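To keep things clear, I will list the structure first and then write my remarks on it.
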Amino acid sequence: MTKNELAKGSYLTDLQKLDGNTLRDFVDPQHKASPQELQALLAIVKNRNLNPFTKEVYFIKYGSAPAQIVVSKEAIMKRAEENPNFDGFEAGIVVETKDGAIERLTGTIAPQSAKLRGGWCKVYRKDRSHAIEADADFDYYNTGKNLWAKMPALMIRKVAIVSAFREAFSESVGGLYTADEMQQNSAQETQAEVRERKLKEARAQQEELNAQAEAKKLKEAEAIEFVEEPV
């Protein structure tokens, strides 16, 4: 390996050596983002030591919409846990019982009759006398797609954990958000989803037209039968 090749790949172990062109080629190969958006990502990568090559930070760009910079839950927790004052956490879900009572449960398992209302998390610091708490409203974050449809309790608990960790360790992870918090899934439709939605709309419209035609035929038949009926 030549000296130039070694220098070129040194950013893999030292993010401070990462340059803008290399970052763009990795996160924005089609060059859709503006220089300002790439500069913002590069600043976050270097200032927070977040590695885009190991999926600690993501750069999301759809068409002409503003780019979004989001981080993984694991990256946020890792940086918070590296703080010497970290002293553990508790997390779970919030449910509404069939009697209308609101209960906090540890973990993600709830009675089948209970309605999922949100997630909660408590983070403990050695230098604080009280735990830092955060809640997450399920109806606000739920997209009804992908993992939100398959594992809603797990997803809303994760949002609550990230929110509590960010508040408890703002010096380490303040201002960083995950894709689940940004509701990225609900912001954009894929081409397949657009086609499926339009197909469903076309089918529904055709079914309505067919129903109207059948109703019209029925009325005409009833009118003819009435006229032909002997007095």
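The first residue of the sequence shown is numbered 1, and numbering continues consecutively from there. From a predicted model like this one, the values you see are computed outputs, not experimental measurements.
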Does [X], at its [atom1] atom, have more than 12 non-hydrogen atoms belonging to other residues, nucleotides or ligands within less than 6.0 Å?
X: Lys78; atom1: NZ; answer: no
X: His130; atom1: NE2; answer: no
X: Gln30; atom1: CD; answer: no

Given 3.5 Å as the limit, does a donor-acceptor pair link the side chain of [X] with the main chain of [Y], or not?
X: Lys46; Y: Leu18; answer: yes
X: Lys145; Y: Ala149; answer: no
X: Asn142; Y: Phe138; answer: no
X: Asp99; Y: Ala101; answer: no
X: Arg79; Y: Asn49; answer: yes

* If you measure only the distance, is there a donor-acceptor pair under 3.5 Å linking the side chains of Glu90 and Tyr124? -> yes
* Asked: Any salt bridge between Arg128 and Glu167, counting N to O under 4.0 Å?
  -> no
* Asked: With the threshold set at 4.0 Å, does a side-chain nitrogen-carboxylate oxygen contact exist between Asp135 and Arg104?
  -> yes
If you round to the nearest 0.5 Å, how far is [atom2] of [Y] from [atom1] of [X]?
X: Met155; Y: Thr108; atom1: CE; atom2: OG1; result: 12.5 Å
X: Thr178; Y: Lys158; atom1: OG1; atom2: NZ; result: 6.5 Å
X: Ser172; Y: Phe86; atom1: OG; atom2: CZ; result: 11.5 Å
X: Leu154; Y: Trp148; atom1: CG; atom2: CH2; result: 9.5 Å

* Chi angles and distances behind the side chain to side chain contact (heavy atoms under 4.5 Å, CB included) call for Val27, Val57 -> CA-CA 10 Å; Val27 303; Val57 59; over 6 Å; no
* How are the rings of Phe165 and Phe89 set to each other: parallel, tilted or perpendicular (split at 30° and 60°)? -> perpendicular
Verify same cluster id: [X], [Y] (apolar side-chain graph, 4.5 Å):
X: Ile132; Y: Val173; result: no
X: Met151; Y: Val95; result: yes
X: Ile102; Y: Val159; result: no
X: Ile76; Y: Ile161; result: yes
X: Trp120; Y: Leu116; result: no

* Got Leu50 and Leu176 here, is their nearest side-chain heavy-atom distance under 4.5 Å? -> yes
